[in-house]
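Reminder, nothing fancy here: chain letters follow the sequence lines and each chain counts from 1. Because only heavy atoms are used, hydrogens play no part in the values below, and waters and symmetry mates are left out as well, while side chains stay in.
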2 protein chains.
Amino acid sequence: MVMQYPAPANENDAKDDIVRAAAELFMNYGYSATSIDAIAEKLGATKGRIYHYYRSKSQIFFDIQRAAMTRLFEEVDPIARARLQPAEKLPLMAKAHLSLLIRDMPIQKVAVQGLEKYLFEAEGFRHAKTLAEINQLRDDYEQLFAEVIDAGTREGVFVKGSPRILTKPFFGAMNWATVWYRPRRTQSEDDIEMICSSLVDFAMRGLLVDKGGLHEAGG
Amino acid sequence: MVMQYPAPANENDAKDDIVRAAAELFMNYGYSATSIDAIAEKLGATKGRIYHYYRSKSQIFFDIQRAAMTRLFEEVDPIARARLQPAEKLPLMAKAHLSLLIRDMPIQKVAVQGLEKYLFEAEGFRHAKTLAEINQLRDDYEQLFAEVIDAGTREGVFVKGSPRILTKPFFGAMNWATVWYRPRRTQSEDDIEMICSSLVDFAMRGLLVDKGGLHEAGG
DNA sequence: GGAATTACATACCTATGAGTATGGTTCTTC
DNA sequence: GAAGAACCATACTCATAGGTATGTAATTCC
């Protein structure tokens with residue numbers, strides 16, 4: 001029988017295909033309820049292909065986390081390094097963050113919600129190192145936002161409060177989209193932009209101190 | 001062998017014990033990764049006990065949802081019915097909502113995050129009726145908040161925008177606690193109150209229009 | 001152009017876990 | 001106090017799914 005493999009060019013692409021397929025199933029059914037066979041079927045292949053690139057199901061999960069954090073950093077870190085005031089910089093970061101969340105929902109949802117992460121923690125030392133690595137990435141990423149929030153607080157443009165406790169609802173307003181958002185066919189690119197802007201605006205108002213601006217009366 | 005059953009008084013209490021134990025495991029490990037045996041072990045019993053009260057694992061899951069929504073309604077609905085201005089009523093509702101979330105985390109987390117709900121949707125008609133019932137409860141509950149937000153918007157005390165899209169980040173700021181919050185031994189009741197207040201304040205600022213209050217100059 | 005390696009498919013092993021069948025013990029009811 | 005019901009443990013069935021072992025076509029390398 002003549003078998004032709006689509007040939008994903010190189011190993012990285014092949015793994016990326018697996019990661020994408022797995023993330024989509026993890027997002028909908030959870031990690032445990034998703035079988036390797038189901039992932040393979042989504043790729044039009046069998047288990048053999050997956051186990052050729054990954055030694056276990058958990059390794060796929062960890063690669064999803066790494067992929068998600070890598071992409072978030074790529075989008076947000078450059079903005080975080082820009083020379084801008086906190087009140088200007090933060091919404092740009094938030095916009096980039098949220099845009100990626102929505103556009104890359106399967107992978108990002110698995111990462112930000114940390115689906116069933118306690119599964120691996122319970123396994124003890126086996127994945128301790130990998131888990132520490134992932135947590136470090138997540139902490140570093142949160143830190144990008146926490147620092148800007150802290151700076152804004154000290155400048156007096158953001159409300160007072162520990163950056164730790166302010167960062168949580170800030171992310172919450174945006175990340176909660178991974179729980180409620182469902183893509184619609186009737187939704188254009190502009191619609192998505194509108195939603196993103198609304199959520200970012202909400203999150204920013206949560207931080208900004210009342211500026212006492214004159215009532216820009218009525219429209 | 002003399003066997004003594006703790007005898008949970010009546011059937012409702014017995015089911016409630018099961019629901020609590022199951023919720024705690026679902027919260028940490030997810031629905032699929034939690035076995036009936038594990039739930040039984042947490043109760044110091046075996047499967048026999050659980051299958052005496054529940055016909056299937058999924059029925060436990062649905063009972064968790066119902067229990068969560070029932071409690072939320074009990075706490076929030078009375079406040080929603082009170083004769084108060086939106087700007088006064090909403091933070092009280094939010095406080096009650098969040099307090100219950102944190103105090104009843106296992107059950108509430110399973111409910112608000114809808115863990116692996118797609119599992120049951122994929123099963124087609126089998127649980128269609130129950131799923132419709134649960135979704136209805138959730139929608140009704142969200143509606144309590146959406147109406148107050150809508151009223152506030154029309155009065156001009158809350159920012160303009162569809163209540164639909166404003167409700168999401170409002171819940172997000174609070175419900176995200178089910179993702180990041182972990183109880184600490186060093187945390188007193190007052191600490192929890194502080195966290196709740198901070199999150200509610202954040203969420204309210206996300207809605208309130210800039211009042212132009214005079215700078216209550218600096219602390 | 002033959003050998004080794006890559007890139008899978010197929011077949012198989014095994015543990016787990018949902019659900020059932022059955023049996024025994026306590027409680028209730030008459 | 002006997003019969004039934006309620007309550008629960010134990011033993012079993014069976015499907016699923018993670019992982020492995022093996023076979024085989026394509027590719028690469030010498």
Query raised in the report: From F62(B) CZ over to S56(B) OG, what is the distance, rounded to the nearest 0.5 angstrom?
Result: 8.0 Å
Query raised in the report: Nearest of dC8(C), dA9(D), dT10(C) to any side-chain atom of T46(B)?
Result: dA9(D)
Requested in this report: Could you tell me whether the side chain of K47(A) and the main chain of A40(A) form a donor-acceptor pair under 3.5 Å?
Outcome: no
Report task. Would you give a per-nucleotide map of nucleotides 12-21 of chain D, 5' to 3', where B means the base has a protein non-hydrogen atom under 4.0 Å away, S means only the sugar-phosphate does, and - means neither? Result -> -----SBBB-
Query raised in the report: Mind checking what makes side chain to side chain contact (heavy atoms under 4.5 Å, CB included) contact with N135(B), not counting sequence neighbours?
Result: R138(B)
Query raised in the report: Nearest-Å distance, NZ (K15(A)) to P (dT6(C))?
Result: 14 Å
Report task. Can you sort out the partners of T70(A) under side chain to side chain contact (heavy atoms under 4.5 Å, CB included), two or more places apart, ordered by chain and number? Result -> E74(A)
Query - Partners meeting side chain to side chain donor-acceptor pair (under 3.5 Å) with S32(B) (sequence neighbours left out) - result: E116(B)
Report task. Kindly say if H52(A) contacts the phosphate of dC8(C), meaning a side-chain N or O under 4.0 Å from OP1 or OP2. Result -> no
Query raised in the report: Does Y53(B) make a side-chain N or O approach to OP1 or OP2 of dC8(D) shorter than 4.0 Å?
Result: yes
Query raised in the report: Mind checking what makes side chain to side chain donor-acceptor pair (under 3.5 Å) contact with T178(B), not counting sequence neighbours?
Result: Q113(B)
Query raised in the report: Centres of the Y54(B) and F61(B) rings: under 6.0 Å?
Result: no
**Report entry** Pair E142(A) + K168(A): basic N to acidic O under 4.0 Å
**Finding:** yes
Report summary line: Axis-to-axis angle for the helix from dG1(C)-dC30(D) to dC30(C)-dG1(D), ends of five pairs each, to 10°, equals 10°
